[in-house]
Amino acid sequence: MTQHRGKFITFEGIDGAGKSTHIAFVGDYLKNKGIKLVSSREPGGTPLGEKLRDLVLHEKMHLETEALLMFASRREHIAQVIEPALHSGAWAISDRFTDASFAYQGGGRGMDLAKLEALEQWVHPHLQPDLTLLFDVPLEVARARLDATRSLDKFEQEKADFFAATRNEYLRRATQFPARFRVIDSTQSIPDIQLRIAGILDEMLAL
Ligand SMILES: Nc1ncnc2c1ncn2[C@@H]1O[C@H](COP(=O)(O)OP(=O)(O)OP(=O)(O)O)[C@@H](O)[C@H]1O
Ligand SMILES: Cc1cn([C@H]2C[C@H](O)[C@@H](COP(=O)(O)O)O2)c(=O)[nH]c1=O
């Protein structure tokens, strides 16, 4: 019996936009619909990827080194987690994927987008998310949500102009790939957002 390939869903947005809050909801929603799913994150998602995560979130480095490490973590994540899940018929959910590289390294750091496009084509030429949920908020809303007591990683310590550029690049990617992006106004209440997400998932399940 041919196994139907699973769906690949990614969650994106600036730090504090609300991604983690809704990943749990989406996981429960899909499991209640009988969908087998695998949930992971980037950078990370594998034991090697988690080691790279620690480096890239805390060590100062050249912006292209940072981008290459994000894609190195991604290559391992795709090979060890995402592709096997999809081939088994499970759905794969990732807290961030390549759109974050465009947003943070391209938008925030100002890296040449053509180089990021070349990395995207090299690392995953035949894989794109079926759905990308972009949680969009103004920086001040995201900042207010980040727990003031926890230590900030290298990215969270960046200033307003970095996140303005990061947010704008996310929104540019959404206009470039309208078929897979759903931009969610994450300033709404959690229940209202989850109502919207449920509608999006029901559309996908009906396909
Ligand atoms: N729509 C919302 N309204 C009010 N509070 C929210 C909303 N969404 C998330 N929060 C709260 O904001 C905080 C950050 O949310 P969350 O951890 O989901 O953000 P995140 O985008 O995953 O951040 P990071 O990328 O840094 O992990 C949490 O305390 C969460 O409860
Ligand atoms: C995948 C990816 C991530 N980042 C940045 C974005 C965040 O600030 C951190 C990840 O931490 P979080 O727990 O998801 O907030 O890494 C990046 O700059 N480039 C990427 O490709």
Side-chain angles (χ1 to χ4, degrees), residues 8 10-27 39-46 49-78 81-82 92-111 113 115-117 119-120 122-124 129 132-159 162-163 165-167 169-170 173 183-197:
F8 180 28
T10 59
F11 290 71
E12 296 286 2
I14 63 173
D15 301 78
K19 296 181 291 56
S20 306
T21 298
H22 301 302
I23 286 173
F25 167 76
V26 168
S39 187
S40 50
R41 69 173 180 181
E42 292 198 346
T46 64
E50 291 297 325
K51 289 179 183 170
L52 294 175
R53 177 187 177 92
D54 191 45
L55 286 173
V56 79
L57 290 194
H58 301 103
E59 301 288 331
K60 277 184 76 64
M61 58 185 72
H62 190 282
L63 69 88
E64 293 191 356
T65 308
E66 189 175 88
L68 288 164
L69 287 176
M70 293 293 179
F71 276 92
S73 165
R74 183 161 299 132
R75 188 69 196 88
E76 204 64 20
H77 185 210
I78 291 168
V81 177
I82 296 174
I93 288 180
S94 183
D95 184 351
R96 299 191 190 282
F97 193 64
T98 295
D99 295 308
S101 299
F102 279 84
Y104 283 80
Q105 282 67 56
R109 295 258 191 266
M111 185 171 161
L113 298 183
K115 290 187 176 180
L116 290 166
E117 285 162 354
L119 281 169
E120 183 179 34
W122 172 21
V123 171
H124 56 96
T132 297
L133 296 174
L134 173 56
F135 295 91
D136 183 51
V137 282
L139 172 63
E140 56 276 12
V141 172
R143 274 268 176 260
R145 288 177 181 171
L146 286 181
D147 178 356
T149 59
R150 72 183 168 101
S151 61
L152 299 178
D153 65 39
K154 187 174 77 176
F155 296 99
E156 291 163 339
Q157 291 173 36
E158 290 293 347
K159 301 287 179 275
F162 175 91
F163 284 103
T166 298
R167 182 188 181 195
E169 178 55 19
Y170 265 134
R173 288 283 286 184
V183 180
I184 295 175
D185 171 2
S186 203
T187 62
Q188 300 172 89
S189 73
I190 290 172
D192 284 351
I193 292 172
Q194 291 181 348
L195 208 55
R196 168 103 199 274
I197 293 172

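Sequence positions, counted from 1, serve as the residue numbers for this chain. Ligands are counted one by one from 1 in listed order, and the atoms in each one are counted from 1 as well. All values below were derived from every heavy atom in this structure, side-chain atoms included, with hydrogens, water molecules and symmetry-related copies excluded.
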- Measure the shortest side-chain to side-chain distance between Val56 and Ser73 over non-hydrogen atoms and say whether it is less than 4.5 angstrom. no
Closest approach of any protein heavy atom to [atom], naming residue and atom:
{"atom": "atom 14 (O) of ligand 2", "value": "Arg96 NE, 2.7 Å"}
{"atom": "atom 15 (O) of ligand 2", "value": "Asp15 OD2, 3.1 Å"}
{"atom": "atom 19 (N) of ligand 2", "value": "Gln105 OE1, 2.8 Å"}
{"atom": "atom 4 (N) of ligand 2", "value": "Met70 CE, 3.7 Å"}
{"atom": "atom 21 (O) of ligand 2", "value": "Ser101 OG, 2.5 Å"}

Enumerated ligand 2 atoms positioned under 4.0 Å from heavy atoms of [X]:
{"X": "Arg74", "answer": "1 (C), 21 (O)"}
{"X": "Arg53", "answer": "11 (O), 12 (P), 13 (O)"}
{"X": "Glu42", "answer": "1 (C)"}
{"X": "Leu57", "answer": "9 (C), 16 (O)"}

What heavy-atom pair brings [X] and [Y] nearest, and what distance separates the two atoms?
{"X": "Pro138", "Y": "Thr187", "value": "CD-CG2, 3.6 Å"}
{"X": "Asp99", "Y": "Glu12", "value": "CB-OE2, 3.7 Å"}
{"X": "Ala142", "Y": "Ala17", "value": "CB-N, 4.3 Å"}
{"X": "Ser40", "Y": "His77", "value": "OG-NE2, 2.5 Å"}
{"X": "Ala67", "Y": "Met111", "value": "CB-SD, 3.5 Å"}

- Item | Interatomic spacing from CZ in Phe8 to OG in Ser94 - rounded to 0.5 Å | 5.0 Å
- Task: Quick one: pull up CZ in Arg109 and OG in Ser101 and give me the separation to the nearest 0.5 Å.
- Result: 12.0 Å
- Query: Considering Phe163, Tyr104, Phe155, which one's heavy-atom position lies nearest to atom 6 (C) of ligand 2?
  - Reply: Tyr104
- Item | Pro43, portion touching ligand 2 at heavy-atom distance under 4.0 Å | both
- Could you tell me how the ring of Phe155 sits relative to the ring of Tyr104: parallel (under 30°), tilted (30 to 60°) or perpendicular (over 60°)? perpendicular
- Message: Would you say the ring centers of Phe135 and His22 fall short of 6.0 Å from each other?
- Response: yes
- Task: Show your working on side chain to side chain contact (heavy atoms under 4.5 Å, CB included) between Arg145 and Val137 and close with a plain yes or no.
- Result: CA-CA 11 Å; Arg145 288 177 181 171; Val137 282; 3.9 Å; yes
- Query: Hey, which residues fall under 4.0 Å of ligand 1 on heavy atoms?
  - Reply: Ile14, Asp15, Gly16, Ala17, Gly18, Lys19, Ser20, Thr21, Arg96, Arg145, Leu146, Arg150, Glu156, Ser186, Gln188, Ile190, Ile193
- Query: Applying a strict 4.0 Å limit to heavy atoms, is Glu66 in contact with ligand 2?
  - Reply: no
- Item | Enclosure of Lys154 NZ (heavy-atom neighbours >12, cutoff 6.0 Å) | yes
